[in-house]
Trainee: 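Sharing a structure here in structure tokens format.
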Amino acid sequence: MILEILSIGLIVSACLALFQDEVHYAVGALAGTFLFISLIYALNGAIYGAVFQFAVGIGTLTVLFLSGEMLSEKTKNKTSPKKIAALITGGTVLSLPAIFIPITGTPTETSATALGEALWELRGMDIILQSIIVLTISLGIFIVLHGRKKKRGAN
Amino acid sequence: MNFIILSIILLIIGIYGLLTNRNLIKVFISLELIAIAATMNFVLFVVDQGLGEALLIIAFSTDTAVSAVILAVLVILSKKYGITDIDKIPKLIRKKEAINIEEEKQDEVVEE
């Protein structure tokens, strides 16, 4: 029951985020979308996924809120309560198929690789190589800049 | 609860928003919704939970890169032209090009 409510909330907040006129309220609705999807992940046992989604969502919202405040043109037209009610109703109706259509072809056998192990297998080596390259480049830049500074000091 | 249908609905909402909204911030929100719709399948419809979460984390890095590009475009547009509307951008660019051509012609006339 909780998952169904969360999925309705997810779709409704997504509709509100897209079709509200004011950017601030749209960003607020997007915050709801991130919160609902994080809760859905957490309830499905993907705690790390939920935490990462929430963290990335907070960062995105901060940037969006600041850019919306500083860069966008401010509209005088406010979204009417009728439109908000229509969006909420539309979102609820849209989320109904996800609740009532039964699941088919669900995998029966599941395996459980640890997140750390999976990340190491997928990205371990290339992250290490990237970090070695970045470290080498930064050390090189430091040495070059230090040499220039010494030359200027000598002159 | 059918998460594939939920993901498809979210994807449709995102694509509809992407096609109908002209504000760049709304376009950004649409892309975020599409990214959520795509990445939720890694976690909710996967055989291996750890692998799904690892793929989700990798997908976040791609998503963040896309967000950075869109924000850069937004900042450049609002600084250079003072707008965030996608439809107005080509007209403004053409106007600016026309003004530049006229200025070059006037300079040539003055030099002659």
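Just so you know, these numbers use all the heavy atoms, side chains as well, and skip hydrogens, waters and symmetry mates. Letters go in sequence order (proteins before strands), and every chain restarts at 1.
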Trainee: Quick check: do A:Ser67 and B:Leu71 have side-chain heavy atoms less than 4.5 Å from each other?
Mentor: yes
Trainee: With side chains defined as the heavy atoms from C-beta onward, is the minimum distance between B:Asn2 and A:Phe100 less than 4.5 Å?
Mentor: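 A side-chain contact under 4.5 Å is absent here.
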Trainee: With a 4.5 angstrom heavy-atom cut-off, is it the side chain or the backbone of B:Leu6 that approaches chain A, or both, or neither?
Mentor: both
Trainee: Is chain A contacted by the side chain of B:Ser7, its backbone, both, or neither, given a heavy-atom distance below 4.5 Å?
Mentor: neither
Trainee: Tell me whether A:Leu129 at atom CG has more than 12 heavy atoms from other residues, nucleotides or ligands lying less than 6.0 Å away.
Mentor: yes
Trainee: List the residues meeting salt bridge (charged side-chain N to carboxylate O under 4.0 Å, His left out) with A:Lys83, not counting sequence neighbours, and say none if there are none.
Mentor: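 By the salt bridge (charged side-chain N to carboxylate O under 4.0 Å, His left out) rule, A:Lys83 matches A:Asp21.
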Trainee: State plainly whether one hydrophobic cluster holds both A:Leu10 and A:Ile2, where clusters connect Ile, Leu, Val, Met, Phe, Trp and Tyr through side-chain heavy atoms under 4.5 angstrom apart.
Mentor: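 Yes, because A:Leu10 and A:Ile2 connect within a single hydrophobic cluster, where side-chain heavy atoms sit under 4.5 Å apart.
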Trainee: Side chain from CB out, backbone as N, CA, C, O: work out which of these in B:Ser30 comes under 4.5 Å of a heavy atom of chain A, or both, or neither.
Mentor: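 B:Ser30 touches chain A through backbone and side-chain heavy atoms alike.
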Trainee: Membership question, hydrophobic clusters at under 4.5 Å side-chain separation (ILVMFWY): are B:Ile15 and B:Phe28 in the same one?
Mentor: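 Yes, B:Phe28 and B:Ile15 fall within the same hydrophobic cluster.
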Trainee: Does B:Ile58 share a hydrophobic cluster with B:Phe42, counting links as ILVMFWY side-chain heavy atoms below 4.5 Å and allowing steps through other members?
Mentor: yes
Trainee: Tell me, side chain or backbone of B:Phe3 under 4.5 Å from chain A's heavy atoms, or both, or neither?
Mentor: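 For B:Phe3, side-chain heavy atoms alone lie under 4.5 Å from chain A.
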Trainee: Taking all heavy atoms of A:Leu18 and all of B:Ile13, pick out the closest pair and write down the distance.
Mentor: CD1-O, 3.2 Å
Trainee: In terms of hydrophobic clustering (I, L, V, M, F, W, Y; side-chain heavy atoms under 4.5 Å; direct or indirect links), are A:Ile133 and A:Met125 co-clustered?
Mentor: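 No, A:Ile133 does not connect to A:Met125 through the hydrophobic network.
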Trainee: Shorter than 4.5 Å, heavy atoms on both sides: which option in B:Leu10, B:Ile57, B:Leu56, B:Leu24 has the most such pairs with chain A?
Mentor: B:Ile57
Trainee: Between B:Lys26 (side chain) and A:Gln20 (backbone), is there a donor-acceptor pair under 3.5 Å?
Mentor: yes
Trainee: Rounded to the nearest 0.5 Å, what separates atom CG in A:Leu30 from atom CD1 in B:Ile25?
Mentor: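 So the CG of A:Leu30 and the CD1 of B:Ile25 are separated by 11.5 Å.
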Trainee: Would you say A:Ile5 ends up clustered with A:Leu3 if hydrophobic residues are merged whenever their side chains have heavy atoms under 4.5 Å apart, either directly or through other cluster members?
Mentor: no
Trainee: Atom CG of A:Leu94 and atom CD1 of B:Ile12: how far apart are they, to the nearest 0.5 Å?
Mentor: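 So the gap between those two atoms works out to 8.5 Å.
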Trainee: Side chains of residues 33-59 of chain A: which donor-acceptor pairs under 3.5 Å do they make with residues two or more places apart or in other chains?
Mentor:
| residue | atom | partner | partner atom | Å |
| --- | --- | --- | --- | --- |
| A:Thr33 | OG1 | A:Ser13 | OG | 3.1 |
| A:Thr33 | OG1 | A:Ala29 | O | 3.1 |
| A:Ser38 | OG | A:Phe34 | O | 2.8 |
| A:Asn44 | ND2 | A:Ile40 | O | 2.8 |

Trainee: Which atom names give the shortest non-hydrogen contact between A:Ser95 and B:Ile9, and what distance separates them?
Mentor: CA-CD1, 4.4 Å
Trainee: A:Leu64, A:Ile99, A:Val27: which one forms the most heavy-atom pairs within less than 4.5 Å of chain B?
Mentor: A:Leu64
